[in-house]
Number of protein chains: 2
Amino acid sequence: MNHVDRIIGHAEQHCKAHGTRLTVKRKQVLMGLIQSDKALSAYELLDFCNRQYGEKMPAMSVYRILEFLEDEHLVHKLSLANKYVACAHIVCNHAHAVPQFLICRQCSKVKEIAIEPATINELRANVSEAGFKLISTQLEMNCLCEGCIEQAA
Amino acid sequence: MNHVDRIIGHAEQHCKAHGTRLTVKRKQVLMGLIQSDKALSAYELLDFCNRQYGEKMPAMSVYRILEFLEDEHLVHKLSLANKYVACAHIVCNHAHAVPQFLICRQCSKVKEIAIEPATINELRANVSEAGFKLISTQLEMNCLCEGCIEQAA
DNA sequence: ATCGAGATGTTACAACATATCATTTGTATT
DNA sequence: AATACAAATGATATGTTGTAACATCTCGAT
Ligand SMILES: [Zn+2]
Ligand SMILES: [Zn+2]
Ligand SMILES: [Zn+2]
Ligand SMILES: [Zn+2]
């Protein structure tokens with residue numbers, strides 16, 4: 001059983017535990033994101049699926065399925081890049097914490113990390129001082145990935 | 001001379017100093033954003049201008065003008081919300097530092113702030129640990145504004 | 001076997017954004 | 001003032017992203 005199948009297996013378990021179903025189409029979309037090493041736009045993902053599985057899924061379905069996968073925390077939407085990535089922790093058993101994302105603006109590679117809680121709290125304090133209230137600690141940051149740093153050097 | 005005119009005056013000076021021109025159309029678009037108390041999408045801004053000035057500017061122009069105003073740091077694009085705001089520091093004489101934005105998800109009000117450099121550095125360190133390199137410290141955060149906090153309470 | 005909820009298909013369209021070429025306007029040079 | 005050039009805007013078309021509305025299918029429970 002390869003890596004991808006192992007992740008899919010976990011995702012299936014996860015859905016079963018939540019009383020939802022990881023259907024064939026949903027599995028195809030999720031696999032598209034898992035197999036990609038970078039974030040994909042909804043339409044890139046659509047093209048990928050159609051090439052990969054020789055079907056012609058409507059755009060509507062991809063959006064519906066992405067919404068489902070997001071609700072299940074199996075996929076994350078990156079508003080900063082307008083793209084989607086598979087969650088990096090599908091195979092983990094711990095509860096899913098609020099993630100932060102490092103997005104390579106050169107190649108769309110994404111790293112899902114957990115910023116130090118102390119740093120997050122400082123941010124929250126800065127926001128409070130300004131009179132606002134932070135409602136999500138999901139940060140998205142414009143970065144360069146390892147590969148693209150080297151290439152640029 | 002009212003507040004808006006004072007800001008426009010500064011913007012004009014700023015452009016002159018950079019060898020660029022704040023034309024009538026550009027001024028209209030900038031005034032649209034200055035007069036708005038919240039971030040506007042390109043098309044909301046287009047509608048606003050057309051209603052306000054009784055013309056029918058093509059969408060193309062609004063995008064071109066927004067790009068110009070961004071380059072001049074008179075306007076900021078918020079990728080997280082896919083909207084635009086006037087810079088909060090047009091009337092300031094100091095150089096424009098990299099800003100951070102607090103975006104109210106309820107009402108689109110935006111506050112442009114400067115996070116503590118120490119906090120920013122911690123963030124940068126967290127990113128480095130992950131092997132990535134932060135290429136912009138312009139953060140955008142999902143928040144509630146003062147008004148919407150009260151309303152929710 | 002039947003039924004109902006959930007999932008997917010289909011069509012149409014709204015909202016967001018850019019490419020390209022034509023025309024106008026503002027400025028510099030003569 | 002006439003000319004000439006560059007910058008700005010207009011006009012048209014098209015590409016990209018996302019959703020509304022309604023029809024059909026499919027799975028699982030009774
Ligand atoms: Zn995740
Ligand atoms: Zn990269
Ligand atoms: Zn600013
Ligand atoms: Zn608000």
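Since the structure is predicted, the reported quantities are computational estimates derived from the model, not experimental observations. Here is how names work: the chains are called A, B, and so on, in the same order as the sequence lines, proteins then strands, and each is numbered from 1.
Exactly one of A/Leu40, A/Val75, A/Asn50, A/Ile65 qualifies for a side-chain contact (heavy atoms from CB on, under 4.5 Å) with A/Leu45. That residue is A/Leu40.
Taking 4.0 angstrom as the limit, A/Tyr43 places none of its side-chain polar atoms (N or O) nearer than this to OP1 or OP2 of D/dT16. One finds a side-chain N or O of A/Ser61 lying less than 4.0 angstrom from the OP1 or OP2 phosphate oxygen of C/dG9. The side chain of B/Asn82 contributes no N or O atom lying less than 4.0 Å from OP1 or OP2 of C/dA15.
Across all strands shown, A/Pro58 has heavy atoms under 4.0 Å from base atoms, whether or not it also approaches the sugar-phosphate.
For an aromatic pair to be called close, the ring centres must be under 6.0 Å apart, and B/His89 with B/His94 satisfies this. When ring centroids are compared, A/His18 and A/His14 come within the 6.0 Å threshold. The six-membered or imidazole ring of B/His96 lies near that of B/His76, with a centre-to-centre distance under 6.0 Å.
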(request) Sugar-phosphate means primed atoms, P, OP1 and OP2; the rest is base. With that split, encode nucleotides 22-30 of chain D 5' to 3' as B, S or - using protein heavy atoms under 4.0 Å. (result) -----S---

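The listed nucleotides are C/dT8, C/dA17, D/dG18; the one nearest the side chain of A/Lys77 is D/dG18. Which of D/dA11, D/dT9, C/dG9 sits closest to the side chain of A/Lys25 comes down to C/dG9. When the nucleotides C/dC16, D/dT17, D/dT9 are ranked by their closest atom to the side chain of B/Thr23, D/dT9 comes out on top.
Residue A/Leu144 is found in a hydrophobic cluster whose other members, listed by chain and number, are A/Ile149, B/Ile135; membership requires side-chain heavy atoms under 4.5 Å apart, directly or through intermediates.
Here the side chains of B/Tyr53 and B/Met31 are in contact, with some heavy-atom distance below 4.5 Å.
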